[in-house]
2 protein chains.
Amino acid sequence: MNEQSNEEVCMCALDGTMDLLGKKWALFTINAIGNHGSVRFKDLYSELHRISPSTLSSILHQLESRGVVSRESFAEIPPRVEYRLTQNGIELRQAILPLLAWASRQDDYARQAEKCDPRQYVKVTLSRDR
Amino acid sequence: MNEQSNEEVCMCALDGTMDLLGKKWALFTINAIGNHGSVRFKDLYSELHRISPSTLSSILHQLESRGVVSRESFAEIPPRVEYRLTQNGIELRQAILPLLAWASRQDDYARQAEKCDPRQYVKVTLSRDR
DNA sequence: CTGTATCCTAATAGATACTG
DNA sequence: CAGTATCTATTAGGATACAG
């Protein structure tokens, strides 16, 4: 079942969210985890080309503490840890799609689009008045 | 007329956008300008409580250079300058609404909602499965 | 009024080495 | 493998004074 309502919400609701998403690797990390379903630290580390382990570790902690990502640790040798999006994280990933569509229409996107990592692609519905 | 298409877009389209929107005052500035239609530097300065003039100046330059905001200067004494959203800026403001709706459902929003500046309120459609 | 210039502090993130 | 610790460079942003 689905409930809808019109509410007044303050922009400052986005303060904490933008603190997080404004971080250089946050969106790539969320997207990469979502694409994989479940993924290990080392795979994120190699897929997010040029991130440092300390930065990835920091981002994962923040995503986990905000309930966007869950972490499951397995008692094996060598150790194995799997990260996945929570339901809340899946909803966040949906919520950024309109912004992604907007960004893809900006001039600066065309210039860099060819150099993009194919694993970081997302399908969006682009609509444009004209 | 309206054209729709499904396209693959890279997350890195958001790189520059998040660089901008992740800045502490960017969204408040966009929203305040949008609420006013047209607004002067000093009015933004007082409405965005606790921003510094150098920071506001910097944000306005960035918004202008990205085609989100337009600046019109009048040859009067005392000087007058009016800022407004471009069409592109209006679309950006729409595009962040789903993210705002998501953010408003997070635990940390309830805690601070009472202290919000009423001039920074936005109407959003909240939907929630249950 | 509309900003800019300067100074200063805090936060971000990269590289690298190292631990459990 | 999955991180943490340390060090460093760059950037963000606040306060204040001042210029056009």
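It should be emphasised that the depicted structure is a prediction, and the values quoted were computed from it without experimental measurement. Here is the naming used below: chain letters follow the sequence lines, and residue numbers restart at 1 for every chain.
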* Say whether, by atom type as modelled, one donor and one acceptor occur between the side chain of Thr86(A) and the main chain of Gly67(A) under 3.5 angstrom. => yes
* Asked: Would a 4.5 Å heavy-atom cut-off, applied to side chains only, mark Leu21(B) and Ile30(B) as touching?
  -> yes
* Grab the CG-C1' distance between Leu48(A) and dA13(C) for me, whole Å please. => 14 Å
* Asked: Do Gln94(B) and Leu97(B) touch side chain to side chain, with heavy atoms closer than 4.5 Å?
  -> yes
* **Residues within residues 32-44 of chain A bordering DNA chain C, heavy-atom distance below 4.0 Å** => none
* Taking all non-hydrogen atoms of both residues, which atom of Arg40(A) and which atom of Pro79(A) are closest, and how far apart? -> NH2-O, 3.3 Å
* Could you tell me whether the phosphate oxygens of dC1(D), OP1 or OP2, come under 4.0 Å of any side-chain nitrogen or oxygen in Tyr83(A)? => no
* Going by distance alone, is a donor N or O of one side chain under 3.5 Å from an acceptor N or O of the other, for Gln106(A) and Asn88(B)? -> yes
* To do: Over 60° means perpendicular and under 30° means parallel, so classify the ring planes of Tyr45(A) and Phe41(A), tilted if in between.
  => parallel
* Considering just the side-chain nitrogens and oxygens of Arg80(A), establish if one lies under 4.0 Å of OP1 or OP2 belonging to dG3(D). => no
* Rounded to whole angstrom units, what separation is found between the CD atom of Glu72(A) and the P atom of dC1(D)? -> 19 Å
* **Nucleotide-resolved protein contact map, nucleotides 8-20 of chain D, B/S/- at heavy-atom distance under 4.0 Å** => ----SSBBB---B
* **Under 3.5 Å donor-acceptor, Thr29(A) side chain and Trp25(A) backbone** => yes
* Just call it for Phe74(A): base, sugar-phosphate, or nothing, with non-hydrogen atoms closer than 4.0 Å on any strand. => nothing
* If you take all heavy atoms of Ala32(B) and Gln120(B), which pair is closest and at what distance? -> CB-NE2, 3.9 Å
* Distance check: side-chain N/O of His61(B) vs OP1/OP2 of dG3(C), anything under 4.0 Å? -> no
